[in-house]
Asker: 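Input: one structure, supplied below.
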Amino acid sequence: MTGADLQNGEYYIDTDPGQGNGTPLTFTGGIANLTNFNLPTGSVAYVRVKDTYNRWSYPRGYKRPGIINSKGSDLASVEYFINNDPGQGNGIQLPITSGAVHVDSLELHQHDVVYIRAKDSYNRWGPPKAWKYHFKDFQKAEYKIKLASNGTTTLPLLMELIPPPDSTCGWIGKKDTVSWHANDTIWARFQDQDGFYTNWKRGVVANAGLDKTICERF
């Protein structure tokens, strides 16, 4: 069916009402015009046309993508929730700076699942995307200190690795005494059961006045 062969056409969303019972399309110069309409995410719009011989075409479906690409200045809102969805707009808001989303820290327990979703400048929410944190048994914990006096960093030293107090938190690395100086920075990391190390995590900057021996727990 081409150009002058088109007699009329129609569209419907999701459920077929039967030939001739859909929403009519208008034609200009033999071209069907589909005016703007609201298509919910996940729904499918079907279009079909009829020629001058009264023959209907098969319906052709169009689906709006469920994932919305929202980048940079298109980001209007970003939120996260843990395990249970409180509904769009009711999650914990994340700050947006120059189009980038910042997550400073999250308190997670074993088997928690974190979901993040974004809304663009057209007020459209994307689907939540899930991240699951997998806890592993750790076999080693160590720390190092960056010296403020000359900018050098000490070699890694072992910490005591103690079991978690319950099944809802990770392992704990403990060092009863750590000798450092004012404005020194301490870093810690763990090695898991497969031999892989976590990234070094920056701890507090010591500034206790005169040099002292400080008890610290990670």
Asker: Please give me the minimum heavy-atom distance between Gly22 and Glu10, naming the atom from each residue.
Answerer: N-OE1, 3.0 Å
Asker: Backbone N or O of Gly89 within a donor-acceptor pair of the Glu79 side chain at under 3.5 Å?
Answerer: yes
Asker: OG1/Thr23 to OH/Tyr12 distance, rounded to the nearest 0.5 angstrom?
Answerer: 11.5 Å
Asker: How far does CH2 of Trp200 sit from CZ of Phe190, to the nearest 0.5 angstrom?
Answerer: 10.5 Å
Asker: How long is the gap from CD1 on Ile145 to CD1 on Ile186, to the nearest 0.5 Å?
Answerer: 5.0 Å
Asker: Are Trp187 and Pro156 packed together at the side-chain level, in the sense that at least one heavy-atom pair is separated by less than 4.5 angstrom?
Answerer: no
Asker: For Pro86 and Asn90, which heavy atoms make the closest approach, and how far apart are they?
Answerer: O-ND2, 3.1 Å
Asker: Locate the shortest heavy-atom distance separating Pro17 from Arg48; write the atom from each residue and the value.
Answerer: CD-NH2, 4.4 Å
Asker: Could you check if a side-chain atom of Ile96 sits within less than 4.5 angstrom of a side-chain atom of Leu94, using non-hydrogen atoms only?
Answerer: no
Asker: For Tyr46 and Asp14, which heavy atoms make the closest approach, and how far apart are they?
Answerer: CE1-O, 3.8 Å
Asker: May I ask you to check whether over 12 heavy atoms, not counting those of Lys144, lie within 6.0 Å of atom NZ?
Answerer: yes
Asker: With heavy-atom distances below 4.5 Å as the criterion, would you say the side chains of Tyr115 and Asp85 are in contact?
Answerer: no
Asker: Restricting to non-hydrogen atoms, name the atom on Tyr143 and the atom on Leu158 that form the minimum distance, rounded to 0.1 Å.
Answerer: CE2-O, 4.0 Å
Asker: For Ala188 and Met159, which heavy atoms make the closest approach, and how far apart are they?
Answerer: CB-CE, 4.0 Å
Asker: Is there a side-chain contact (heavy atoms from CB on, under 4.5 Å) between Gln191 and Glu142? Walk through the geometry before answering.
Answerer: CA-CA 9 Å; Gln191 186 183 43; Glu142 56 188 18; over 6 Å; no
